[in-house]
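Report on the structure given below.
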Amino acid sequence: MITRFMTTVAALAVTAGTAAADYTLTVLHTNDFHARFEPISKYDSGCSAEDNTAGECFGGSARLVSAIAEARARSNNSILVDGGDQFQGTLFYTYYKGKLAAEMMNKMGYDAMTVGNHEFDDGPEVLRGFMDAVDFPVLMSNADVSGEPLLAGELAKSTVIERGGEKLGLIGLTPQDTDELASPGDKIVFTDPVGAVQGEVDKLTEMGVNKIIVLSHSGYGVDQKVAAGTTGVDIIVGGHTNTLLSNSNERAEGPYPTMVGSTAIVSAYAYGKFLGELNVTFDDDGNITEAKGEPIIMDAAVTEDEATVARIAEAAAPLDEIRNKVVAQTSEMIDGERGSCRAQECAMGNLIADAMLARVKDQGIQIALQNGGGIRASIDAGEVTMGEVLTVLPFQNTLSTFQVSGGTILEALENGVSQYEEAAGRFPQVAGMKYTFDPAKPAGERVSDVMVMEGDAFAPIDPAKTYGVVSNNYVRNGGDGYKMFRSAENAYDFGPDLADVTAEYLANMGAMAPVLDGRITKK
């Protein structure tokens, strides 16, 4: 049972007799940054310079530099840590891999981070290069890396740092299924997080360390299990599920901190949109007597550091080369117009849905669904550049895979055509299935003749059967009215960028010829 909030904000009575031995610490933290070095919009995608000037953007490295400096000035004793997934998400990572992340994290003065699954997206080699470039330890406790020469003896499970005259034990944690989520290779064995953390806690305790912080890229649910299943963990800095914990934000998934027994769990959403700030007090035995704080939103009220703005602009200049890179050929224009993709089967919708399905079909996924509103342009006949693909798919959405019943898919399709008259962005482009809709009928009763590809033939959808679905993270998390997907099983929202998936599919197709094959029929 999770104690949602310890009485009076995790405060326990501190007597005058022990006050002199109290130790206070400010834990500043980030997680799931995903290469968002430039400011982002309220939708977590790119934000124009004009919108940034108008005060409508969030995050970006330049704001974090300022916010971290201000937070340190408020505290007489602080650390800065990261919950993993600095890698992947924008062209900055595509171009620089981990180099720009290392530069910015060194500039901000991080004390440690854990390995996220995306740190393995380009194998152990890129992770090792990043580790060699940073001025702080990178940690991962729940894996045996002894068989991987690039990481053996280099990637520690835990570390001890001194701050304010006291020793702090830091332990790293990564998803146990990282081998399925990324590309760590076959020489690393990932293990149970609870046992791994307890093993490191025991070692640190034997060393006389009684203040222990886990940097966990394992998700809010696993963090709660680790807190409940271990002894000696004081703080867990979370990541992986992009969880916002807060005492004031209505979108928060729990309080900041969430207390499980005597362990304080914190998480600061993602993409540099917040800087977590937890203020804790320990007694002489290393027990938390008070834990309070709140993530600080990186909005226009946070002044951007001018030197960092200039450096990120300099780093962005070579990305134009990527934007101009020819990735494919098409023999005809691929229609991605708003009037097409929000009302009927469109060639761009078919292309994107087919690309998504092809990428994850070997994972047992049968159906792809892409919201028409996420398709923003057509592509002319001839050479196709990465810039064109990014214009079609500019939102930095990631591939999401999950499982739902056939009944839920029917509900989703009804949602998708429910605002047909308004040309709403929820209109569903699909692959691996086909359906008919009748806009003359009332919303909620428009869809019929839904068929799903089973082997080499279409079969009627079974409302009671469980199907594997791929979409984008926006739709999976309830965007465009797809709230029925929020409770999907086995959901993973942090796959590769949809634009990259589409570009790779186009490249593999050779001379692309757009198709309309009757997968969506309007009565």
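Side chains of T308 and D305: a donor-acceptor N/O pair is present below 3.5 angstrom, by distance only. Remark: the N508 side chain and the E504 side chain contain no N/O donor-acceptor pair separated by less than 3.5 Å. Defined by atom type and a distance below 3.5 Å, a donor-acceptor pair is missing between the side-chain atoms of N77 and S75. A side-chain N or O of E294 and one of S248 form a donor-acceptor pair less than 3.5 Å apart. In this model, a donor atom of one side chain and an acceptor atom of the other lie less than 3.5 Å apart for T258 and Y220. A donor and an acceptor atom, one from each side chain of H240 and D32, are nowhere located under 3.5 Å apart. Under 3.5 Å, the side chains of N210 and E166 contain no donor-acceptor pair of N or O atoms. Under 3.5 Å, the side chains of D85 and N31 contain no donor-acceptor pair of N or O atoms. Between the side chains of N371 and N472, at least one donor N or O sits under 3.5 Å from an acceptor N or O. Side chains of T178 and N117: a donor-acceptor N/O pair is absent below 3.5 angstrom, by distance only. For the residue pair Q198 / D202, a side-chain donor-acceptor distance below 3.5 Å is found, with atom types taken as modelled. Side-chain contact annotation: D500 with Y505, donor-acceptor N/O pair under 3.5 Å absent.
For R251, the CZ atom is loosely surrounded, since the number of other residues' heavy atoms within 6.0 Å does not exceed 12.
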Assess the residue pair I265 and Q224 against the criterion (side chain to side chain contact (heavy atoms under 4.5 Å, CB included)); give the C-alpha distance rounded to whole Å, side-chain angles, the decisive distance to 0.1 Å, and a yes or no.
CA-CA 8 Å; I265 301 172; Q224 293 171 47; 3.9 Å; yes
Apply side chain to side chain contact (heavy atoms under 4.5 Å, CB included) to the pair L139 and L170, showing each step before the final yes or no.
CA-CA 8 Å; L139 309 170; L170 306 177; 3.9 Å; yes
Dump the intermediate steps for side chain to side chain contact (heavy atoms under 4.5 Å, CB included) on S61 and K107, then the final yes or no.
CA-CA 10 Å; S61 296; K107 181 183 181 73; over 6 Å; no
Test salt bridge (Lys or Arg N to Asp or Glu O under 4.0 Å) applied to R72 and E70, step by step
CA-CA 5 Å; R72 284 179 172 139; E70 292 169 6; over 6 Å; no
Please test L369 against V475 for side chain to side chain contact (heavy atoms under 4.5 Å, CB included), starting from the C-alpha separation and ending with a verdict.
CA-CA 9 Å; L369 189 152; V475 166; 4.3 Å; yes
Would E206 and K203 count as a salt bridge (Lys or Arg N to Asp or Glu O under 4.0 Å) here? Give the steps.
CA-CA 5 Å; E206 289 176 10; K203 291 177 185 177; over 6 Å; no
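For the pair T502/L393, a side-chain contact is recorded, criterion being any heavy-atom separation below 4.5 Å from C-beta on. Residues I213 and D234 have side chains not in contact (no heavy-atom distance under 4.5 Å, counting atoms from C-beta outward). The shortest side-chain heavy-atom distance between M131 and L155 falls under the 4.5 Å cut-off. With a 4.5 Å cut-off on side-chain heavy atoms, M113 and E119 count as touching. Residues V197 and L173 form a side-chain contact, since some pair of their non-hydrogen atoms from C-beta on lies under 4.5 Å apart. A heavy-atom distance below 4.5 Å is not found between the side chains of V134 and Y110. Using a 4.5 Å heavy-atom cutoff, the side chains of V469 and V404 are in contact. Contact check for S405 versus Y467: no side-chain heavy atoms found under the 4.5 Å cut-off.
Smallest separation of non-hydrogen atoms from F274 and A268: CB-O, 3.8 Å. Residues Q86 and D82 come closest through the heavy atom pair NE2-OD1, 3.3 Å. Taking every heavy atom of both residues into account, I235 and V27 meet most closely at CD1-CG2, 4.1 Å. Contact between D223 and S218 at its shortest, heavy atoms only, is OD1-CB, 4.3 Å. Of all heavy-atom pairs spanning N142 and T174, the tightest one is ND2-O, 2.8 Å. The minimum heavy-atom distance between V209 and K167, with the atom names listed, is CG1-O, 3.9 Å.
For the atom pair OG1 (T191) and CE (M140), the distance works out to 9.0 Å, reported to the nearest 0.5 Å. One distance of note links OG of S158 with CD1 of I171; it measures 6.0 Å at 0.5 Å rounding. Taking CZ from F402 and CG from N473, the interatomic distance works out to 11.0 Å, rounded to the nearest 0.5 Å. Atom CE in M298 sits 5.0 Å away from atom CG in L275 (nearest 0.5 Å). A distance of 14.0 Å separates CZ in R36 from CZ in F58, rounded to the nearest 0.5 Å. Here the OG1-CG distance, from T94 to D497, works out to 7.5 Å after rounding to the nearest 0.5 Å.
By the 4.0 Å N-to-carboxylate-O rule, E314 lies close enough to R311 to be salt-bridged with it. Using a 4.0 Å cut-off between a side-chain N of Lys or Arg and a carboxylate O of Asp or Glu, E125 and R128 do not qualify as a salt bridge.
In this structure, F33 has its ring center at least 6.0 angstrom away from the ring center of F87. Taking the ring centroids of Y492 and F494, they lie under the 6.0 Å cut-off.
For the side-chain hydrogen bond (donor to acceptor under 3.5 Å, both in side chains) test, no residue two or more places apart in sequence or in another chain qualifies with S78.
H217 contributes a side-chain N or O that, together with a main-chain N or O of G83, makes up a donor-acceptor pair within less than 3.5 Å. Judged by distance alone, the side chain of S267 and the main-chain N or O of T243 form a donor-acceptor pair under 3.5 Å. T114 places no side-chain N or O within 3.5 Å of a backbone atom of G172 that could act as its donor or acceptor partner. Between the side chain of D283 and the backbone N or O of N287, at least one donor-acceptor pair lies under 3.5 Å. With hydrogens and angles disregarded, no donor-acceptor distance shorter than 3.5 Å links the side chain of S471 to the backbone of S400. Put simply, the side chain of K157 gets close to the backbone of S141: a donor and an acceptor are under 3.5 Å apart. Of the possible donor and acceptor atoms, one in the side chain of E148 sits under 3.5 Å from a partner among the backbone N and O of L150. Remark: side-chain polar atoms of D111 are paired, donor with acceptor, to backbone N or O of L80 under 3.5 angstrom. A side-chain donor-acceptor contact under 3.5 Å links N247 to the backbone of Y256. With H34 contributing its side chain and Q88 its backbone, the two residues share a donor-acceptor pair below 3.5 Å.
Under a cutoff of 6.0 Å and an axis angle of 45°, R476 and F485 do not form a cation-pi pair. A cation-pi geometry, defined here as NZ or CZ lying under 6.0 Å from the six-membered ring centre and within 45° of its normal, holds between K211 and Y23.
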